[in-house]
Visitor: 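Structure incoming, see below.
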Amino acid sequence: MKKFITQYLLLMVLTISLNAQTSGKYQDAGSSVHYQYITTYDVAKLNKILNAELSEFLNGSSMPFENFKGKFTAPKYPVKLYRVKYNSVIPEKGNKPTVASGLVAIPENGKDSMPIVSYQHGTVFGKTEVPSFIDESMETKLMVAVFASQGYIVTGADYFGLGISTEPNSYLVKESSEQACVDMLFAAKQVLTANKIKQGPLFVHGWSQGGWTNMTFLRKLEELNIPVTAAGTASAPLDAAVTVNRWLNNYQPTDAIWLPGCATNFIFAKDQYEFPGLAARAIKPEYYQVAKDFYEYKIDWKTYFSKTKSKAYEMLTDEFKASDTMANDAFWTRLEEMQAYRWRCRTPLTNYYGESDEVIPVYIARLAEGTHQVLGGGSNTKAISAGPKADHRATYIYSLIHVKPWFDGFLK
C-alpha cells in the first residue's frame, strides 16, 4: 500500500509538471524573472531545420542549399524551449523600468552543467520574428539546431520593442541594446538555476544587426568583467556612421531592396529613444506616414515596399542628407559614438564577412581585425571570408558551420 501511494504521488507530481509546461503558464525563476515552456524540438524537427527549412531559407541566395548540404553535424539531443520575461531599464529614457523577453533553449542531454552561447539576432520587420517566438525566427532555429542539439544552452534577447515588449522598436539603439542583452543573460542564469543547471563557459554570436549588437554587448561584458570564452559575428556593421552614410550617399545596384526599411526604422528608433522630431526632419512628407506605420508594425514589408522607394536616399530630405557633414549635428555625432570595434578587445573574436554581401561592405565587416591589432592585444581577432559568392544569408550559414567547431575547441 505504501509503495502504491508513493508511486501515485510521483505520478501526480509528474502530471502537474507536464501540465505546467503544456499550459503555457509562467513559472517564477526569481522576483523579476519568469519563464514559460514553449515546446520541445525533437531530433526529427532539428534535422528538418538543417535540411528542408534551410533550403527554403537560402532560396534566392547566391549560395543556395547545395553549397552547405551535409556540412552540419547531425543533431544529437532534443531541445526544450522557454520564453523568458524579465525586468530591465531603458538607459536612453532615464532608466525607465520596462519588461522584456527572450529565449532559453536547454538540451535534453541529462547533464547538470553545459556551455552557453548568447545569440544576438539580426534585423526583423515583424514584432514577433524573434528568439522567444522561435517558430517565426529561422536564424534562431538554426542556432538551436546547430548548438543546442549538440549540448550548448542557447539564449537570445528579443530587444526592447520586440517580442512581448510594449516599448517602441529599439532598432540599433546602443545602450538599450546592451541593456536588453545583459539583463537577458542574467535572467537566463536564473532560469537555469531554477532548473538545477549550472552554466559553463560563455560564448556570444550575432548576425547582421545582431553582429553589431553582439560587439557592443561584448564590450559591455568586458567592462563588467564578465568573462567571455570566445565571440563570433557574421556580417556585422561595425561602424554605424560609415554604414548609414554608405546606404544614403553611395547607392550600389547590388544593395538589398529592404535597406530603405532599415534606414527609416533606424531613424524612427532614434526619434523615439534619443532625438524627438528627427523622423519629421529626415523623412520626406510623402513617405513619413507609411514609414511610421511600418515602424509601428501597422503594415507589413510588402505594403511598405509598394508605397516607397527602393533607394533609401530617395525617401530622405535634402536637409537631412546634407547634415552628415556638420560636425555639430547631434544625430551624426551620436552615430560616431555607436562604433562597435574601437577598443582593446581581450576576448578571442572572429568576424565573418561575405564578399558578395548586399548589406555590409567587406571594408566595414573587417574593421575590428586591423583596429585591434593597432591598439595592441588584437592577435586574437580575425576576419574570415565566407567566400567570393557569399551574400548576407550565406555568410550567416558559413559562420555557423565554422564558429561551432571553433567554440568547441575552447572546451577541450
Visitor: Any carboxylate oxygen within less than 4.0 angstrom of a Lys/Arg side-chain nitrogen, looking at Glu222 and Arg219?
Guide: no

Visitor: Can you label the angle between the His402 ring and the Tyr398 ring as parallel, tilted or perpendicular, going by 30° and 60°?
Guide: parallel

Visitor: Establish, from distance only, whether the side-chain atoms of Tyr41 and Asp135 form a donor-acceptor pair under 3.5 Å.
Guide: yes

Visitor: Could you check whether Lys404 pairs with Asp408 (Lys NZ or Arg NE/NH1/NH2 to Asp/Glu carboxylate O, under 4.0 Å)?
Guide: yes

Visitor: Hey, is NZ on Lys307 packed in by over 12 heavy atoms from elsewhere, all under 6.0 Å?
Guide: no

Visitor: Should Asp300 and Tyr297 count as side-chain neighbours, where that means a heavy-atom distance under 4.5 Å?
Guide: no

Visitor: Do we see a donor-acceptor contact under 3.5 Å between the side chains of Asn87 and Ser32?
Guide: no

Visitor: Determine the minimum heavy-atom distance between Ala231 and Trp406, stating which atoms define it.
Guide: O-CZ3, 3.3 Å

Visitor: With the side chain counted from C-beta on, respond yes when Val89 and Gln179 share a heavy-atom pair under 4.5 Å apart, and no when they do not.
Guide: yes

Visitor: Taking NZ, NE, NH1 and NH2 as the nitrogens, is one of them in Lys45 or Asp42 under 4.0 Å from a carboxylate oxygen of the other?
Guide: no

Visitor: With a 3.5 Å cut-off and sequence neighbours excluded, list the donor-acceptor pairs that the side chains of residues 272-281 form with protein atoms.
Guide:
| from | atom 1 | to | atom 2 | distance (Å) |
| --- | --- | --- | --- | --- |
| Tyr273 | OH | Pro168 | O | 2.5 |
| Glu274 | OE1 | Arg334 | NE | 2.6 |
| Glu274 | OE1 | Arg334 | NH2 | 3.4 |
| Glu274 | OE2 | Lys270 | NZ | 2.5 |

Visitor: List the steps, then state whether ring pair (Phe, Tyr, Trp, His ring centres under 6.0 Å) holds for Tyr251 with Trp247.
Guide: CA-CA 6 Å; Tyr251 169 80; Trp247 292 349; over 10 Å; no

Visitor: Hey, what do you get for OG1 (Thr39) to CG (Leu81), rounding to the nearest 0.5 Å?
Guide: 6.5 Å

Visitor: Going by heavy atoms in the side chains, are Glu167 and Lys96 under 4.5 Å from each other?
Guide: yes

Visitor: Determine whether the side chains of Asp239 and Tyr341 contain a donor N or O and an acceptor N or O closer than 3.5 Å.
Guide: yes

Visitor: Return yes if some donor-acceptor pair links the side-chain N/O of Asn245 with the main-chain N/O of Ala241 below 3.5 Å, else return no.
Guide: yes

Visitor: So does Thr213 get a backbone contact from the side chain of Thr216, meaning a donor-acceptor N/O pair under 3.5 Å?
Guide: no

Visitor: Quick one: CD1 on Ile90 to OG1 on Thr98, what's the gap to the nearest 0.5 Å?
Guide: 4.5 Å

Visitor: Is any side-chain heavy atom of Val154 less than 4.5 Å from a side-chain heavy atom of Val104?
Guide: no

Visitor: Do Thr233 and His205 meet the criterion of a side-chain donor-acceptor pair at a distance under 3.5 Å?
Guide: no

Visitor: Looking at side-chain heavy atoms only, is the closest gap between Tyr35 and Asn195 below 4.5 Å?
Guide: yes

Visitor: Can the ring centres of Phe147 and Tyr119 be said to be less than 6.0 Å apart?
Guide: no

Visitor: Have Glu53 and Asn51 got a donor and an acceptor in their side chains that come within less than 3.5 Å?
Guide: no

Visitor: What distance do Ser88 atom OG and Phe160 atom CZ have between them, rounded to the nearest 0.5 Å?
Guide: 3.5 Å

Visitor: Tell me the closest heavy-atom pair linking Ile164 and Lys85, and the distance in Å.
Guide: CD1-CB, 3.5 Å

Visitor: Assign the ring pair Phe268 / Tyr288 to parallel, tilted or perpendicular, where the plane angle (0 to 90°) is split at 30° and 60°.
Guide: tilted

Visitor: Provide the full list of ring pair (Phe, Tyr, Trp, His ring centres under 6.0 Å) pairs with a residue in residues 175-203, sequence neighbours left out, each pair given once.
Guide: Tyr152-Phe203, Phe203-Phe407

Visitor: Looking at every non-hydrogen atom in both residues, tell me the closest pair between Lys80 and Tyr82 and how far apart they are.
Guide: CD-OH, 3.4 Å

Visitor: Using the six-membered ring wherever Trp is involved, compare the ring planes of Trp207 and Phe57 and label them parallel, tilted or perpendicular (cut-offs 30° and 60°).
Guide: perpendicular

Visitor: Could you tell me if Gln373 and Thr381 have a donor-acceptor pair between their side chains, going purely by distance under 3.5 Å?
Guide: no

Visitor: Any ion pair linking Lys220 and Glu223 (charged N to carboxylate O, less than 4.0 Å)?
Guide: yes

Visitor: Verify whether one side chain among Ser137 and Glu129 offers a donor that lies under 3.5 Å from an acceptor in the other.
Guide: no

Visitor: Would you say that Leu50 contacts Val146 through its side chain, given a criterion of any heavy-atom pair below 4.5 Å between the two side chains?
Guide: yes

Visitor: By side-chain hydrogen bond (donor to acceptor under 3.5 Å, both in side chains), which residues pair with Lys284, not counting sequence neighbours?
Guide: none

Visitor: Under 3.5 Å, is there a donor-acceptor pair linking the side chains of Ser356 and Asp391?
Guide: no

Visitor: With Glu336, which residues qualify under side-chain hydrogen bond (donor to acceptor under 3.5 Å, both in side chains), at least two apart?
Guide: none

Visitor: Would you check if Leu411 and Pro201 make a side-chain contact, meaning some heavy-atom pair closer than 4.5 Å?
Guide: yes

Visitor: Between Ile38 and Leu103, is there a side-chain heavy-atom distance shorter than 4.5 Å?
Guide: yes

Visitor: Does one side chain, of Ser176 or Glu178, offer a donor that lies under 3.5 Å from an acceptor on the other?
Guide: no

Visitor: Only counting residues at least two apart or in another chain, list the ones meeting side-chain hydrogen bond (donor to acceptor under 3.5 Å, both in side chains) with Gln209.
Guide: none

Visitor: For the pair Tyr396 and His392, evaluate ring pair (Phe, Tyr, Trp, His ring centres under 6.0 Å) and give the outcome as yes or no after the intermediate values.
Guide: CA-CA 7 Å; Tyr396 176 53; His392 202 57; 9.1 Å; no

Visitor: Minimum heavy-atom separation for Gly102 to Ser132, with atom names?
Guide: O-CB, 3.2 Å

Visitor: Looking only at heavy atoms, what is the nearest atom pair of Ser149 and Leu46, with distance?
Guide: CB-CD1, 3.7 Å

Visitor: What is the minimum heavy-atom distance between Thr40 and Tyr37, and which atoms define it?
Guide: OG1-OH, 2.7 Å

Visitor: For the pair Asp255 and Lys311, find out whether any cationic side-chain nitrogen is under 4.0 Å from an anionic carboxylate oxygen.
Guide: no

Visitor: A quick test of your reading: do over 12 heavy atoms of other residues, nucleotides or ligands sit less than 6.0 Å from CD of Gln252?
Guide: yes

Visitor: Would you be so kind as to tabulate the donor-acceptor pairs closer than 3.5 Å made by side chains of residues 258-267, with sequence neighbours excluded?
Guide:
| from | atom 1 | to | atom 2 | distance (Å) |
| --- | --- | --- | --- | --- |
| Thr264 | OG1 | Pro260 | O | 3.2 |
| Thr264 | OG1 | Tyr304 | OH | 2.9 |

